[in-house]
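Just the heavy atoms: all of them, side chains too, but no hydrogens, waters or symmetry mates, feed the values below. To find a chain, count down the sequence lines: A is the first, B the second, and so on, and within it residues start at 1. For clarity, every value in this text was computed on a predicted model and none was experimentally measured.
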Protein chains: 2
Amino acid sequence: MFIELDLQSDTPLYTQLADQLTEGIASGELKPGDPLPSIRRLAEDLGINLHTVNKAYNLLKQEGLLQVHRKTGVIVQPDGMPGVTEAFEAKLRRQLRSLAAAAAVRGMAEEVFAQESKSVYRDIITNRGGE
Amino acid sequence: MFIELDLQSDTPLYTQLADQLTEGIASGELKPGDPLPSIRRLAEDLGINLHTVNKAYNLLKQEGLLQVHRKTGVIVQPDGMPGVTEAFEAKLRRQLRSLAAAAAVRGMAEEVFAQESKSVYRDIITNRGGE
């Protein structure tokens with residue numbers, strides 16, 4: 001899987017890394033049980049700090065998307081992905097609300113905003129089956 | 001305008017404050033030229049640090065949603081809100097993409113995600129005219 005980090009971005013590197021791994025799982029490029037590189041290896045490959053990779057892996061472990069084993073290493077959750085819980089939905093709505101407010105204040109219409117949402121979702125999913 | 005901050009949230013307080021002010025402008029509750037409380041006053045009212053309010057005001061000033069005058073204080077941008085720039089659109093898509101990936105990995109369907117986006121946008125806008 002190809003990971004690209006933007007060092008100029010306002011988004012913290014660990015968030016960018018976690019987002020891209022999440023996309024990889026959503027698109028099916030990373031499959032349940034697939035091994036991920038060790039923290040040290042990925043940090044070296046990306047030229048970033050060990051702690052940054054560790055933080056991203058831990059975040060995804062907490063969310064139930066990864067399993068971290070001391071011996072066998074880091075793998076994509078093999079026991080079923082987490083579902084849409086109430087807590088997830090509440091958080092998603094809060095975050096969408098923040099983006100919707102920024103869009104609305106700049107005069108982006110409701111339909112355009114909804115269309116953008118649809119189109120980014122489709123972009124991610126499009127890789128499924130395209131392997 | 002009623003502002004409610006969640007001290008338990010993962011979202012930084014200055015982000016929550018900036019989001020709610022943005023919503024206030026988007027909904028029309030805050031109008032161009034409207035005065036906002038001084039940093040000191042708002043910090044006292046909300047029981048938060050001066051720096052937190054300052055950071056939120058500065059963020060919105062940078063985005064062009066507020067004007068900060070040394071003498072007359074902080075007001076909602078009276079000279080036209082910023083539009084949908086290429087930079088804004090790129091940032092919006094990046095952020096939406098992160099949310100879409102998290103939703104997709106949990107099995108939330110494209111239509112549901114788009115519908116959520118539409119519904120939060122409508123929630124914000126619904127206050128317009130309802131004054």
Side-chain angles (χ1 to χ4, degrees), chain A residues 6 9-11 15-16 18-28 30 59-60 63-65 76-77 80-85 88-125 128, chain B residues 6 9-11 15-16 18-28 30 59-60 63-65 76-77 80-85 88-125 128:
Chain A
D6 178 0
S9 166
D10 294 340
T11 309
T15 310
Q16 292 184 46
D19 280 350
Q20 289 189 40
L21 292 170
T22 303
E23 273 191 40
I25 299 171
S27 73
L30 293 172
L59 180 66
L60 296 180
E63 290 183 357
L65 304 185
V76 178
Q77 179 62 260
M81 287 297 152
V84 178
T85 58
F88 175 76
E89 191 136 7
K91 191 177 167 195
L92 177 67
R93 285 185 68 88
R94 256 199 322 276
Q95 291 176 319
L96 277 175
R97 196 175 171 98
S98 158
L99 300 185
V105 92
R106 282 171 179 80
M108 180 182 276
E110 179 184 311
E111 275 311 322
V112 178
F113 182 71
Q115 191 50 50
E116 293 269 14
S117 303
K118 212 165 173 160
S119 122
V120 291
Y121 185 110
R122 194 161 297 178
D123 266 8
I124 292 166
I125 295 304
R128 277 186 194 166
Chain B
D6 178 2
S9 166
D10 293 340
T11 311
T15 309
Q16 291 184 45
D19 280 350
Q20 290 189 39
L21 292 170
T22 303
E23 273 191 38
I25 300 170
S27 72
L30 293 172
L59 180 66
L60 295 180
E63 290 183 357
L65 304 186
V76 178
Q77 179 63 259
M81 287 297 150
V84 177
T85 59
F88 174 76
E89 191 135 8
K91 191 177 168 196
L92 177 68
R93 285 185 69 86
R94 256 200 319 279
Q95 292 175 318
L96 277 175
R97 198 176 169 97
S98 158
L99 300 186
V105 92
R106 284 171 180 78
M108 180 183 276
E110 180 184 312
E111 275 311 322
V112 177
F113 182 70
Q115 190 51 48
E116 293 268 15
S117 303
K118 213 166 174 160
S119 123
V120 292
Y121 185 110
R122 193 161 295 178
D123 266 6
I124 293 165
I125 295 304
R128 275 187 195 165

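Between chain A and the options B:A100, B:S119, B:G64, the largest number of non-hydrogen pairs under 4.5 Å is found for B:A100. Among the candidates B:G107, B:S9, B:P82, the residue making the largest number of heavy-atom pairs closer than 4.5 Å to chain A is B:P82. Of the listed residues (B:R93, B:E111, B:M81), the greatest number of heavy-atom pairs within a distance under 4.5 Å of chain A belongs to B:R93.
Residues meeting the side-chain contact (heavy atoms from CB on, under 4.5 Å) test with A:Q95, sequence neighbours left out: A:K91, B:L99.
Between B:A104 and A:I125, the closest heavy-atom pair is CB-CD1, 3.9 Å.
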Review point. Between B:R106 and A:T85, is a side chain to side chain donor-acceptor pair (under 3.5 Å) present by the stated rule, with each step listed?
Key: CA-CA 9 Å; B:R106 284 171 180 78; A:T85 58; 5.9 Å; no
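Using a 4.5 Å cut-off between heavy atoms, B:Q20 does not touch chain A at all. A:Q16 does not touch chain B: none of its heavy atoms, backbone or side chain, sits under 4.5 Å away. Of the two parts of A:E63, the backbone and the side chain both hold a non-hydrogen atom closer than 4.5 Å to a non-hydrogen atom of chain B.
To the nearest 0.5 Å, atoms OG (B:S98) and CD1 (A:I124) are separated by 8.5 Å.
Side-chain contact between A:R97 and B:D123 is present, with at least one heavy-atom pair separated by less than 4.5 Å.
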